[in-house]
Amino acid sequence: MSEHALTLLIRWVFFVLMTSTALGCFYAVVRRRAGYMLLGRRAQRKPPPPLDPADPENDQSDDMLGISSFTTNAELASQAASWFERPAEWAVQVFGHRKLLKDLRSGLMHLVLFYGFIVLQFGAADIIWKGLTDSALPYPAYHGFVLTQEITVTLVLLAIVYGTFRRYVERLKRLKRGWKPSIVLWFIGGLMATVLLTQAFDRLKESAAASEGAAGSLYASYAPVSSSLADGFRAIGFSPDAGRVLYEIFWWLHLAVLLGFLVYVPQSKHFHIFTAPVNLWLRRRTPPGRLAPLDLEDEEAESFGVGAVEQFTQKQLLDLYACVECGRCTNVCPTASTGKLLSPMHLIVKLRDHLTEKGAAITSKSPWVPDLNRGAPAGAHAMSVGAVPIWTGGSSATTTIEPTMTAQKQAWHVQADTAVTDLALIGDVMTESELWACTTCRNCEDQCPVGNEHVDKIIDLRRYLVLTEGRVPAEAQRAMQNIERQGNPWGLPRTERAAWIAAYEAAVPDAPPVRTMREAAGRGEQPELLLWAGTMGAYDQRSRKVLFAVVRLLQQAGVPFAVLGGEEKNSGDTARRLGNELLFQTLCAENVATLQRYGIRRIVTICPHTFNALKNEYADFGLERTVKVEHHTMLLARLVEDGSLVPVVPLRERVVYHDSCYLGRYNGVYDAPRALLRAIPGVRLLEMERNRANGLCCGAGGGLMWMEERGGVRVNEARTAQALETSPTVIGSACPYCLTMMEDGIKLHDAESGVRARDVAELLAESVFGDG
């Protein structure tokens, strides 16, 4: 056997050993982490028992992918469409980087890295094959292929330099810094460097075979970078023999870095390379933010909600390993932006660390391959709540996540000699203050490029606290007790729920009387529309003005409608978002029974929270999906468009519109309120810097309307400051909660003399009727 053949044989032997070892390690890591995810419970295929088990229309089911088992033609058509739409939507997210490109600079950087890695795998195969056989792979148009590889390597290196700049020079607050985030930069940079150097030394060693090798240039236009490097090395005295040795070194180094990266990826946040596409494919197809029902009649259930990480569903645990720690979720979070401890990114990361450690303890299989910590003292990650965010923004108009990021970094650490099985998920991993700080605005989910869902995890943890542990903040407990006893969070008498009708008729004496459904049914009538007053509209004096405006506009447009009056119950949204699923389901059942008794087919409401509950969540508890639910801005916009309502009186107002989270991000209604404002003569519509899908929450969602904010700046104060930056005369909204929070914010900023908070319906009524 010749010396060259022996060299190739040895190369093959070590190549096979290294590759098989790396692939074995990769398989072990992925299999173990998959085992940790499988510790979670399977997604509930059927919601709680229907209200009437004998009624086949109440038989609903949602599987892990959100596909309903209804068998009506419309539902089957919708399901079929969703299956055709799924691949296209998935491809846009994975290959089109739709959400990543919301931040154009980092999106383009990631786009280069994503496609660069795909393109460079063909080059890596060529380099390795050439080292093993002394011949290149038979790619068509080989010189063009080489040029593509060199351009791609250069672009990826530039992307790495830019990524390093953003993290360590520009120092974006949402990005972590330290040795862990740097590893991947070194890996990718090392891969690119070894590609170029391997190719350069290959050219240098081959120069001895050419007659002009000693003097002629090695530059080739189809390999401009590597050939220029080869020329440079020869110019400083590198001989072909040196090139042969260095080629061997860098060929093996390239293989080692490539295989090392393969083993490292599933043991780091970069596992998202494999898990994110799966996560995006499996994400729920139900309406955004729709909560999964609890089967409260399950006699085998030992607890309700999630009190241990393995009580999450397997899909929820997949979320944890899909996270890329980009910080986009925390960057837009209203609580993190105003100095509270909650950070959506750290929520996922802490749950992931806890799952990895607890999964290893349960399965007795280390998450690390090779396990370099074997024999080390026992320990597990836990929160030390001594580090509390301190607001350092200086101005309530400023929002920053820096205090929260710092506090989370300081608080999350390994507690030596602590068994992970001794840690409480709520308390040691996630503090109660974090869970009760969430406004459920869903901006975190809307920004997440890998399809993670944060809010449902927080609600599941709240459910455990409320239903199993009975631990609730005093204000939340008071609100829920008042809802349970009197049907409203203030504890006002149930008998006063219908009092708004008499108040309206007294305020607008020349208006037609407002009929209740009971009165209409007594006369054998079936009104076209049910106006759902809602708890805020029925009891809150400020929100009543909005309700009155809507009633008057409907009467003006000649739309026949009725109300439930005293038969209407609280929608239960507040109770559900606070984790009290029992109270929600009780209220829901009573409301559904009332709606079915009157055969209601259309509902309009002034509250986005009620709108979302009726439209998206009541169907799980028996409300027919054919019932059409609208928000008042949607109906009014249609009435203005068809000429049933004509705004004629100029208002001469500068109106900046604040988007309600439950109207916008939950239900995609952004244009109807703005169309109404544009239709009003004299109104100049303004936009805040954060608007529409990226609007900042008012701070009242998730039950926080009834709770005090602790720490940092009040969310509504920060949001009002953003509105005031546009120099408005009116802050417009379309939600009773938002209206209340904006009015409070105006008072906090001492801006009452020049700015008012108004609902869009109030402005429309003022223009239509001209009487203020």
Side-chain angles (χ1 to χ4, degrees), residues 37 43 45 60-122 152 270-292 313-324 326 328-329 332 348 442-456 612 615-616 619 625 663-672 692-694:
M37 287 184 271
R45 295 192 64 85
Q60 306 172 25
S61 67
D62 291 299
D63 65 9
M64 185 172 175
L65 307 183
I67 304 302
S68 171
S69 67
F70 275 140
T71 56
T72 65
N73 291 335
E75 290 290 335
L76 288 175
S78 176
Q79 291 172 26
S82 72
W83 278 103
F84 282 110
E85 292 168 1
R86 183 193 299 265
E89 182 184 352
W90 178 82
V92 168
Q93 292 283 16
V94 175
F95 298 105
H97 284 40
R98 186 175 68 185
K99 287 193 176 181
L100 280 166
L101 289 171
K102 287 184 176 182
D103 181 340
L104 187 60
R105 291 188 298 167
S106 64
L108 289 175
M109 178 190 74
H110 194 277
L111 203 67
V112 169
L113 293 174
F114 178 81
Y115 282 103
F117 258 82
I118 294 175
V119 170
L120 292 175
Q121 297 315 303
F122 297 97
T152 303
H270 302 285
F271 196 20
H272 78 274
I273 295 172
F274 304 102
T275 54
V278 178
N279 202 47
L280 287 167
W281 181 267
L282 294 179
R283 74 182 185 86
R284 292 182 301 179
R285 292 310 190 269
T286 53
R290 177 178 172 184
L291 298 176
T313 66
Q314 295 168 1
K315 169 61 178 66
Q316 287 176 313
L317 297 183
L318 174 62
D319 275 6
L320 309 183
Y321 286 120
C323 179
V324 68
C326 64
R328 292 165 185 254
C329 53
V332 298
I348 299 295
R442 283 197 62 258
N443 206 356
C444 51
E445 298 179 3
D446 194 64
Q447 293 289 328
C448 181
V450 298
N452 280 351
E453 293 164 336
H454 310 72
V455 174
D456 65 336
N612 180 72
K615 179 176 181 287
N616 297 324
R625 293 175 189 259
L663 188 60
R665 277 188 290 271
Y666 275 76
N667 289 283
V669 180
Y670 296 107
D671 295 327
R692 300 180 75 92
N694 195 37

Original post:
Going by heavy atoms in the side chains, are Pro288 and Glu445 under 4.5 Å from each other?
Top reply: no
**OP:** Test Asp446 against every option in Lys102, Lys99, Arg665 by the side chain to side chain donor-acceptor pair (under 3.5 Å) rule and name the one that passes.
**Re:** Lys102
Original post:
In Å, rounded to the nearest 0.5 Å, how long is the span from CG of Leu318 to CG of Leu282?
Top reply: 6.5 Å
Subject >> Spatial distance of atom CG (Asp103) from atom SG (Cys326) [nearest 0.5 Å] >> reply: 9.5 Å
Original post:
Looking only at heavy atoms, which two atoms of Tyr666 and Asn616 are closest? And how far apart?
Top reply: O-ND2, 4.4 Å
Which donor-acceptor pairs under 3.5 Å do the side chains of residues 110-121 make with protein atoms, sequence neighbours left out?
unit_1 : atom_1 : unit_2 : atom_2 : d
His110 : ND1    : His97  : NE2    : 3.0
Tyr115 : OH     : Phe95  : O      : 2.7
Gln121 : NE2    : Phe117 : O      : 2.9

**OP:** To the nearest 0.5 Å, tell me how far Thr275 OG1 sits from Tyr321 OH.
**Re:** 10.0 Å
Original post:
Out of curiosity, Arg442 CZ to Gln447 CD, how far, rounded to the nearest 0.5 Å?
Top reply: 11.0 Å
Subject >> Donor-acceptor contact below 3.5 Å, side chain Asn452 vs main chain Asp319 >> reply: yes
Original post:
Any Lys/Arg nitrogen of Arg692 or Asp671 sitting under 4.0 Å from an Asp/Glu carboxylate oxygen of the other?
Top reply: yes
Original post:
Just by distance, do the side chain of Trp90 and the backbone of Pro277 share a donor-acceptor pair under 3.5 Å?
Top reply: yes
**OP:** Apply salt bridge (Lys or Arg N to Asp or Glu O under 4.0 Å) to Arg328 and list each qualifying residue two or more places apart in sequence or on a separate chain.
**Re:** none
Subject >> Gln93 side chain reached by Val450 side chain, heavy atoms, under 4.5 Å >> reply: no
Original post:
At their closest point, which heavy atom of Val324 faces which heavy atom of His272, and how far apart are they?
Top reply: CG2-CE1, 3.2 Å
**OP:** May I ask you to decide if Arg290's main-chain N or O and Arg284's side chain share a donor-acceptor pair within less than 3.5 Å?
**Re:** yes
**OP:** Give the minimum heavy-atom separation between Gln316 and Thr313, together with the two atoms involved.
**Re:** OE1-N, 2.9 Å
Original post:
How far does SG of Cys448 sit from CG of Asn279, to the nearest 0.5 angstrom?
Top reply: 8.0 Å
Original post:
Is there side-chain contact between Met37 and Gln314, with at least one heavy-atom pair below 4.5 Å?
Top reply: no
Original post:
Minimum heavy-atom separation for Gly96 to Leu101, with atom names?
Top reply: O-CD1, 3.5 Å
**OP:** List in chain and number order the residues that pass ring-ring contact (aromatic ring centres under 6.0 Å, His included) with Phe122, two or more places apart in sequence or in another chain; answer none if no residue qualifies.
**Re:** none
**OP:** Evaluate the side-chain proximity of Cys323 to Phe271: yes if any heavy-atom separation is below 4.5 Å, no if none is.
**Re:** no
